[in-house]
Amino acid sequence: MKNIVVLISGRGSNMEAIVRAQIPGARIAAVISNRPDAAGLEFARSHGIATGVLNHRDFSDRAAFDTRLLALIDSHAPDLVVLAGFMRVLTQGFVEHYAGRLLNIHPSLLPSFPGLHTHARALEAGVGLHGATVHFVTADLDCGPIVIQAAVPVLPHDDENALAERVLAQEHRIYPQAVRWFVEGRIRLDGQRAVVEGGTYMPSASCVTPALEY
Ligand code: NHR
Ligand code: GAR
């Protein structure tokens, strides 16, 4: 069994998608939030998953918060740590401790739109395609090796919420997929790139086509 620790800050729908996927060989060891009121904690509790809260506001600086967060995570002996809507930038020391076993899902087609408010920025830029990216986390914010992406069209009357909802549906598909590949030992880091071994999966065909049904 591979132990997985999931970090959230809010709703936790990506965490929920990973739990519901019931990935063979994976055990969700804990769900940890930096916000005590994160809705996702309730889902985790109701599914018998250990939860933890570490409020970043109780710490004077990022390094102190990250030191305690690392200790809490490691008490669950993780093979993989998954950021699922986790909203705190992590220090270099934290990221290096989990090198090669820390994943994030970011709501844009990286390297476009790193950082926050991605859907509003995509609409503002007038792009025709938007989406989501699962990547390994490195110290360089939203710049780590890409594991999988999903694209969706931007439609004429989209607002931020409509676009976010279309992207989120794809997040719920690709994040469990990436975690499954990791647990199967099929993701290899080749320098700055992540390579999926023996992949029969065709990103362009199966990511874009379902979205065109909207
Ligand atoms: N940490 C490192 N070192 N590298 C990455 O690639 C990271 C990371 C921490 C989080 C997720 C990321 C995203 O997918 C992520 C990737 C939060 C912020 C942010 O600015 C930016 C990117 C991401 C997550 N957070 C503010 C901060 O001061 C707080 C915002 C808030 O609380 O609402 O940390 O987008
Ligand atoms: C998701 O869209 C995720 O990609 C994004 O926040 C949402 C969290 O939803 N992440 C970020 O913006 C990270 N900065 P969830 O809590 O329901 O999974």
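Order of appearance sets the numbers: ligands from 1, and atoms from 1 within every ligand. All heavy atoms count here, side chains included; hydrogens, waters and symmetry mates do not.
- The part of Glu171 lying near ligand 2 is the side chain, judged by heavy-atom distances below 4.0 Å.
- Between the side chains of Arg180 and Gln177, no donor N or O sits under 3.5 Å from an acceptor N or O.
- Note on ligand 1: Ile105 sits in its first shell, one or more heavy atoms being nearer than 4.0 Å.
- Defined by atom type and a distance below 3.5 Å, a donor-acceptor pair is present between the side-chain atoms of Asn3 and Arg27.
- Taking CZ of Arg173 as the start and CD of Glu171 as the end, the distance is 11.5 Å to the nearest 0.5 Å.
- Residue-ligand proximity, Pro107 to ligand 2, at heavy-atom distances under 4.0 Å covers atoms 4 (O), 5 (C), 10 (N), 11 (C), 12 (O).
- Heavy atoms of Gln92 found under 4.0 angstrom from ligand 1: none, in either backbone or side chain.
- At a heavy-atom distance under 4.0 Å, atoms from both the backbone and the side chain of Val89 approach ligand 1.
- Summarising the geometry, atom NE2 belonging to His76 is positioned 9.0 Å from atom CD1 belonging to Ile73; distances are rounded to the nearest 0.5 Å.
- At a heavy-atom cutoff of 4.0 Å, ligand 1 is contacted by no atom of His56, backbone or side chain.
- Between Phe65 and Phe86, the angle of the ring planes stays under 30°, which puts this pair in the parallel group of the 30/60° scheme.
- The closest approach between Thr91 and ligand 1 stays at or above 4.0 Å for every heavy atom of the residue.
- Only the backbone of Ala139 comes within contact range of ligand 1, with a heavy atom under 4.0 Å; no side-chain atom does.
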| Given the rule in the salt bridge (charged side-chain N to carboxylate O under 4.0 Å, His left out) test, do Asp158 and Arg166 qualify, once you have shown the distances and angles that lead to the verdict? | CA-CA 10 Å; Asp158 271 347; Arg166 192 174 309 120; 2.7 Å; yes
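- Proximity of Phe94 to ligand 1, defined as any heavy-atom pair under 4.0 Å, is not found for any part of the residue.
- If you look at Met87 next to ligand 2, the close heavy atoms, those under 4.0 Å, all belong to the side chain.
- Within 6.0 Å of CZ in Arg68 there are 12 or fewer heavy atoms belonging to other residues, nucleotides or ligands.
- Residue contacts with ligand 1 include Arg62, since one or more of its heavy atoms lies under 4.0 Å from the ligand.
- Considering backbone and side-chain N/O of Asn104, one or more are found under 3.5 Å from N/O of ligand 1.
- The shortest N or O to N or O distance between Gly12 and ligand 2 is under 3.5 Å.
- The closest side-chain donor-acceptor pair between Tyr98 and Asp74 falls under 3.5 angstrom.
- Not close to ligand 1: Gly144, with no non-hydrogen atom less than 4.0 angstrom away.
- Distances between N or O atoms of Met87 and those of ligand 1 include at least one value under 3.5 Å.
- His135 and His106 share no donor-acceptor pair across their side chains, judged by distance under 3.5 Å alone.
- For Val95, every heavy-atom contact with ligand 1 shorter than 4.0 Å involves the side chain, none the backbone.
- In this structure, His117 has no heavy atom closer than 4.0 Å to ligand 1.
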